[in-house]
Amino acid sequence: MDDASMVGLMGRVTGTIGPGLVGEVIVRVRGGAEHFLAYAADSGGRIEPGTVVMVVEYLPPRTVYVAPAYDS
């Protein structure tokens, strides 16, 4: 999967993302759902499990930077 096709995809946080933490998200790709290591695009932010996020950067093979998809 190339970088451009991952950016903009939606996912859900399955492991808390925050400063000093490597979180986890599940994203629907390639006809299924896959888990990726995740960091907050805003380095000071904390994103809790269950939050819907959007991929803003992809670092192959399994790392993404994400931001919350909706304002809370």
Side-chain angles (χ1 to χ4, degrees):
M1 174 155 276
D2 64 32
D3 298 1
S5 59
M6 281 292 293
V7 173
L9 292 180
M10 305 293 264
R12 184 171 303 273
V13 176
T14 55
T16 303
I17 301 167
L21 299 173
V22 178
E24 183 181 60
V25 297
I26 189 166
V27 180
R28 290 194 167 278
V29 292
R30 295 183 276 268
E34 298 182 18
H35 289 265
F36 292 85
L37 298 177
Y39 295 92
D42 172 10
S43 60
R46 184 176 178 96
I47 307 173
E48 299 296 330
T51 304
V52 176
V53 292
M54 182 174 61
V55 175
V56 296
E57 187 176 351
Y58 171 59
L59 301 174
R62 310 284 316 159
T63 303
V64 293
Y65 283 80
V66 298
Y70 308 106
D71 292 330
S72 313

How close do Glu48 and Thr16 get, counting heavy atoms only, and between which atoms?
OE1-OG1, 3.7 Å
Looking only at non-hydrogen atoms, find the nearest pair between Ala40 and Gly45 and report the distance.
CB-O, 3.9 Å
Are side-chain heavy atoms of Tyr39 and Val22 found at a separation under 4.5 Å?
yes
Calculate, to the nearest 0.5 Å, the distance between atoms CD1 and CG belonging to Ile47 and Leu21 respectively.
11.0 Å
Taking the side chain from Arg12 and the backbone from Thr51, do they hold a donor-acceptor pair closer than 3.5 Å?
no
Tyr58 and Val64: which non-hydrogen atoms are nearest, and at how many Å?
CD1-CG1, 3.9 Å
A side-chain contact here means heavy atoms from C-beta on lying under 4.5 Å apart; do Ile17 and Val25 qualify?
yes
Within a radius of less than 6.0 Å around CZ of Arg28, do more than 12 heavy atoms belonging to other residues, nucleotides or ligands occur?
no
The side chain to side chain contact (heavy atoms under 4.5 Å, CB included) partners of Thr14 (sequence neighbours excluded) come to Glu24, Ile26, His35
